[in-house]
Amino acid sequence: MAAVIHSPTISIPLSFLPPTRPFNLHSTSSLATTKKTKYKQKPSFFLQYPSKSRPFQPLLIPQQFKDSNVTVGADTNRIDYANLLRISVRCGDVELAKIIHSSILKLEEEDVYLKNALIAAYLKLGHLNLAEKVFDSLLSPDVVSYTAIISAFAKSNRQREAFELFLEMRDLGIEPNEYTFVAVLTACIRSLNLELGRQVHGLVVKLGYLSYTYVVNALMGLYSKCGLLESVILLFNDMPQRDIVSWNTTISCMVEECMYERAFEMYRELRRNDCLIVDHFTLSTLLAASSRCLAVREGQNLHAHALKSGLHGNLSVNNALIGFYTKCGTLKNVVDVFERMPVKDVFSWTEMIVAYMEFGYVDFAMEIFNSMPERNCVSYNALLAGFTQNHEGFKALGLFCGMLEGGMELTDFTLTSVLNACGSMTERKISKQIHAFILKLGLESNDRIETSLLDMCTRCERMDDAKKIFHQLPLDHDNSVALTSMMCAYARDGHPEEAISLFLVRHSEESLVVDEVALATILGVCGTLGILKLGEQIHCYALKHGLMSDTGVGNAMISMYSKCDEMQSAIKAFEAMPTHDLVSWNGLLTCYVLHRQGDAALNMWAKMENLGVKPDSITCVLVISAYRHTSSNLVDCCQKFFSSMQSSYNVKPTSEHYAGFVGVLGYWGLLEEAEQIISAMPFEPKASVWHALLEGCRIHVNAIIGKRAMKEILSIAPQDPSTFILKSNLYSASGRWQCSELVRAEMREKGFRKIPGRSWIILGDKVHTFFARDKLHSQSKDIYSGLQILIPECLKAGYVPDTSFVLHEVEEHQKKDFLFYHSSKLAVTFGLLMTRPGKPVRVMKNVHLCGDCHTFFKYVSVVTKRDIHIRDASGFHHFVNGKCSCRDNW
């Protein structure tokens with residue numbers, strides 16, 4: 001069965017109105033109201049007026065009404081007809097309504113009251129077509145007639161006809177009442193027609209209906225949907241009387257605009273109002289806000305209020321509670337809410353799928369999916385996205401194939417999820433098949449799918465295809481999303497310079513709409529390269545255009561300043577954010593860890609705990625790493641935290657957590673304990689865990705345990721390029737140069753390549769890059785001359801070259817030459833030559849700083865009286881007056 005693809009909703013502009021009729025709601029007409037101008041022919045109706053050829057037949061009254069005191073006949077009065085219509089609605093009997101309708105048609109004169117009652121009955125019975133035909137038959141409809149049909153059109157996604165009918169009513173000189181305004185504003189809300197809504201607002205003011213609470217509520221609903229918070233607040237503040245809908249609309253608008261603290265303050269003010277009672281909509285909205293901004297205490301208080309007020313059984317409140325505890329609680333909290341729900345709908349079950357996937361329990365999520373009494377497209381998409389999120393690419397593809405075979409509806413979300421799954425698998429062949437499927441459906445021009453295609457191609461080593469997709473976009477196409485995706489691809493593919501270049505070129509051509517995602521992306525690239533000046537300019541741009549309220553931009557700002565060695569600016573960026581999510585907190589923790597400020601990181605973690613912020617796996621890795629950089633030995637505290645991760649925070653320790661803990665033990669010299677921890681691991685340790693132990697052995701010069709760690713690394717990942725390098729270096733360190741060269745030859749034969757050590761420095765608007773013994777720079781002659789002056793000065797000050805880091809079979813003087821021209825030494829020397837005296841030199845490096853360079857820069861800071869700041873793969877080194885911030889344990 002073919003897959004069903006739904007096209008996106010199309011908003012109808014005001015141009016649909018007839019060009020001959022000016023769009024002016026404030027005009028009135030002198031036309032007579034006794035005859036409508038729109039309907040000039042007799043309407044085709046299912047019940048015709050009686051004639052000689054078509055006499056009335058006897059009415060067939062249902063059995064349940066035969067014993068009633070009310071009879072239907074020629075003498076039945078209008079009150080009886082109205083009562084019978086109400087009975088038909090109450091019983092859901094459209095046939096009775098039709099019978100009453102036929103009797104009303106026998107009346108000699110048109111009774112607008114009865115026709116309106118008939119319209120209302122048909123509408124309540126769900127027969128808009130019948131109600132519309134009754135309306136068409138009216139010779140002199142009144143405001144009630146028009147209002148009923150306008151409202152019905154508005155609620156049935158026939159907004160265009162609602163607007164036309166409203167204009168017709170105005171042309172006939174019929175003045176709208178409060179219900180008419182609510183009806184036409186409902187149409188404006190559903191079509192997001194702000195222009196017409198503003199004109200209706202003006203008419204409301206002109207005719208004096210601003211004192212009607214539900215009219216103002218409708219206006220607030222329109223402005224809320226259009227994101228005009230200030231207009232909502234102005235209306236709210238000027239209301240003579242507010243009901244719970246007024247409060248809910250304002251709170252909801254604040255939540256949509258991410259103004260969570262103001263929303264909570266409104267809620268507290270509402271609670272102080274004794275005349276109003278918080279309802280399920282209030283709680284559901286604020287619970288959603290609590291989950292978005294990780295406001296644990298507020299969410300828990302809302303839950304307590306729901307229990308106290310009896311709203312804990314409400315379906316929407318419980319669904320919101322599941323979403324809240326998924327983000328801000330434990331899996332037990334989520335399951336407790338779900339199991340106690342008296343009523344569950346498909347959304348409740350889907351939320352449970354999302355929850356289990358969020359906590360990493362893929363099998364439980366599948367069980368929930370299989371247990372669902374009914375499923376819809378959203379349920380399938382939740383499971384599909386969960387597979388992708390948990391790196392279960394093959395399961396995601398299997399589910400997608402099942403959806404195709406079952407003829408399930410495919411949405412943009414479905415296709416982007418499967419593209420993301422394919423990208424995470426990095427399967428080139430499968431990615432081409434999925435790509436071909438998208439092309440066959442003709443959906444490659446969809447912005448979201450286009451972005452996911454780009455991302456998939458870049459992740460599956462298809463950069464040429466990604467570039468082709470990108471450059472095929474028309475120049476007049478708003479391709480900001482695709483451009484952002486391309487910048488991400490360059491950054492992820494190890495080409496941040498290309499990402500910066502693409503951004504600057506497109507921005508200079510004014511062909512780039514810089515949105516929040518683009519800003520966050522380019523800020524990330526600025527952080528990777530350490531381009532502080534551009535990052536600050538983007539910060540100013542974000543402030544100028546009001547984009548700093550976006551949490552993603554704020555998070556990227558924290559990361560950028562952290563990686564550019566501006567810790568105080570990163571802290572200020574965090575404090576300036578209106579709301580924080582877990583990424584914000586993790587970003588600040590990362591900042592402290594990068595700068596080796598372990599005590600500050602642990603203080604921040606304590607603050608997070610006090611605020612009830614729920615940590616994730618990354619948070620736990622950062623907290624463990626912080627213990628390595630504390631001013632005193634806190635291994636016992638680290639052990640306690642590590643042991644309680646799963647029980648307290650529902651975070652199951654992974655190899656990354658074990659590697660961090662082993663690194664802490666190794667850093668503080670507890671190598672035997674670290675080895676015992678590895679031996680007791682409940683699963684096979686990855687090479688990273690043994691690398692952490694090996695690092696501790698290097699710091700404390702323990703060759704015995706170090707050899708055991710190296711042996712394990714060689715057995716676990718024999719084909720990893722870093723393992724070949726490790727093996728080669730081991731042979732070189734022991735003087736077995738021939739064996740070392742054989743290992744490197746094997747690497748070349750298998751196509752493995754060591755990531756070359758690279759250092760760079762930002763001066764002005766240029767990135768100056770250096771490799772070991774590099775002479776490609778235009779000023780290399782001056783750089784080497786400067787080194788020839790700097791090295792002897794450092795030697796005089798006490799610097800002793802450590803040639804043990806040169807693992808090549810060469811003479812001693814040649815080893816020194818290798819050491820003296822490492823990439824970081826070239827970059828620092830260039831910085832000293834090109835910056836003013838007294839200014840610090842800032843250099844970035846893509847690998848760890850070697851021990852000899854570390855020693856050398858301590859002496860450089862003494863003889864030049866300059867601060868040397870170097871960011872390597874482990875964090876920052878600040879060399880000041882012969883000392884380093886890492887305390888010589890890097």
Side-chain angles (χ1 to χ4, degrees), residues 497 529-533 564-565 754-873 876-885 888 890:
E497 295 90 345
L529 289 175
I531 308 178
L532 177 62
K533 185 177 179 180
C564 290
D565 200 16
K754 175 182 179 291
I755 298 175
R758 180 170 70 103
S759 301
W760 64 94
I761 184 171
I762 313 293
L763 293 177
D765 58 353
K766 292 184 179 180
V767 180
H768 300 266
T769 303
F770 299 90
F771 294 92
R773 297 177 297 284
D774 184 2
K775 293 187 179 180
L776 297 176
H777 195 276
S778 59
Q779 293 175 264
S780 60
K781 185 175 180 180
D782 295 331
I783 296 169
Y784 276 78
S785 297
L787 264 176
Q788 289 173 4
I789 297 172
L790 185 60
I791 290 170
E793 291 297 319
C794 290
L795 290 170
K796 290 179 185 177
Y799 163 59
V800 178
D802 187 351
T803 57
S804 65
F805 287 96
V806 182
L807 302 176
H808 297 280
E809 188 180 12
V810 292
E811 298 295 330
E812 189 67 22
H813 69 278
Q814 290 176 304
K815 288 186 177 183
K816 290 182 180 180
D817 285 341
F818 277 112
L819 282 180
F820 293 157
Y821 303 114
H822 277 186
S823 64
S824 54
K825 291 186 175 78
L826 296 174
V828 168
T829 304
F830 180 68
L832 291 169
L833 292 172
M834 300 303 295
T835 56
R836 288 181 295 174
K839 289 285 184 180
V841 175
R842 303 177 188 274
V843 170
M844 273 63 69
K845 190 173 178 64
N846 66 331
V847 295
H848 287 279
L849 196 64
C850 78
D852 180 74
C853 288
H854 191 273
T855 304
F856 177 72
F857 293 135
K858 288 198 294 183
Y859 286 98
V860 170
S861 68
V862 173
V863 300
T864 63
K865 298 181 180 178
R866 302 276 290 276
D867 294 351
I868 311 296
H869 296 184
I870 296 181
R871 187 193 79 193
D872 70 354
F876 284 97
H877 299 267
H878 297 155
F879 298 95
V880 181
N881 295 325
K883 294 182 180 179
C884 179
S885 59
D888 296 340
W890 66 98

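- Between P840 and T835 the shortest side-chain heavy-atom distance does not fall below 4.5 Å.
- To the nearest 0.5 Å, atoms CD1 (I761) and CG (L826) are separated by 11.5 Å.
- Between the side chain of S861 and the main chain of D867, no donor-acceptor pair closer than 3.5 Å is present.
- Atoms NE2 and SG, on H869 and C884 in that order, are 10.0 Å from each other to the nearest 0.5 Å.
- Pairing each heavy atom of L787 with each of P792, the nearest pair is O-CD, 4.1 Å.
- Shown are R842, M844, K845; of these, the side chain to side chain contact (heavy atoms under 4.5 Å, CB included) with R871 is made only by M844.
- One distance of note links CZ of F820 with OG1 of T829; it measures 12.0 Å at 0.5 Å rounding.
- In this structure, CH2 on W760 lies 9.5 Å from OG on S823, to the nearest 0.5 angstrom.
- In this structure, the side chains of L790 and F856 come closer than 4.5 Å at one or more pairs of heavy atoms.
- Nearest heavy-atom pair, A873 versus N846, reported as atom, atom and distance to 0.1 Å: CB-O, 4.2 Å.
- Of all heavy-atom pairs between L849 and S824, the closest is CD1-OG, 3.9 Å.
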Residues I870, V828; criterion side-chain contact (heavy atoms from CB on, under 4.5 Å); working and verdict
CA-CA 9 Å; I870 296 181; V828 168; 4.1 Å; yes
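- Put simply, the side chain of M834 reaches to within 4.5 Å of the side chain of Q779, judged on heavy atoms.
- Panel note: side chain S780, backbone L776; no donor-acceptor pair is recorded below 3.5 Å.
- For an aromatic pair to be called close, the ring centres must be under 6.0 Å apart, and H877 with F857 fails this.
- Closest approach of H854 and F879 over heavy atoms only: O-CE2, 3.4 Å.
- Side-chain contact between D565 and L532 is absent, with no heavy-atom pair separated by less than 4.5 Å.
- For R866 against K839, the heavy-atom pair with the smallest separation is NE-O, 2.7 Å.
- Within the model, atoms CG of D774 and CZ of F830 stand 11.5 Å from one another, a figure rounded to the nearest 0.5 Å.
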Dump the intermediate steps for side-chain contact (heavy atoms from CB on, under 4.5 Å) on F876 and S885, then the final yes or no.
CA-CA 8 Å; F876 284 97; S885 59; 5.5 Å; no
Could you go step by step and tell me if V863 and Y799 meet the side-chain contact (heavy atoms from CB on, under 4.5 Å) rule?
CA-CA 11 Å; V863 300; Y799 163 59; over 6 Å; no
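- K825 and D852 are joined by a salt bridge, as a carboxylate oxygen and a charged side-chain nitrogen come within less than 4.0 angstrom of each other.
- Between the CZ atom in R773 and the OH atom in Y784 there is a gap of 8.0 Å [rounded to 0.5 Å].
- For H822 against C853, the heavy-atom pair with the smallest separation is ND1-SG, 3.4 Å.
- Considering only heavy atoms from C-beta on, L832 comes within 4.5 Å of V860 through its side chain.
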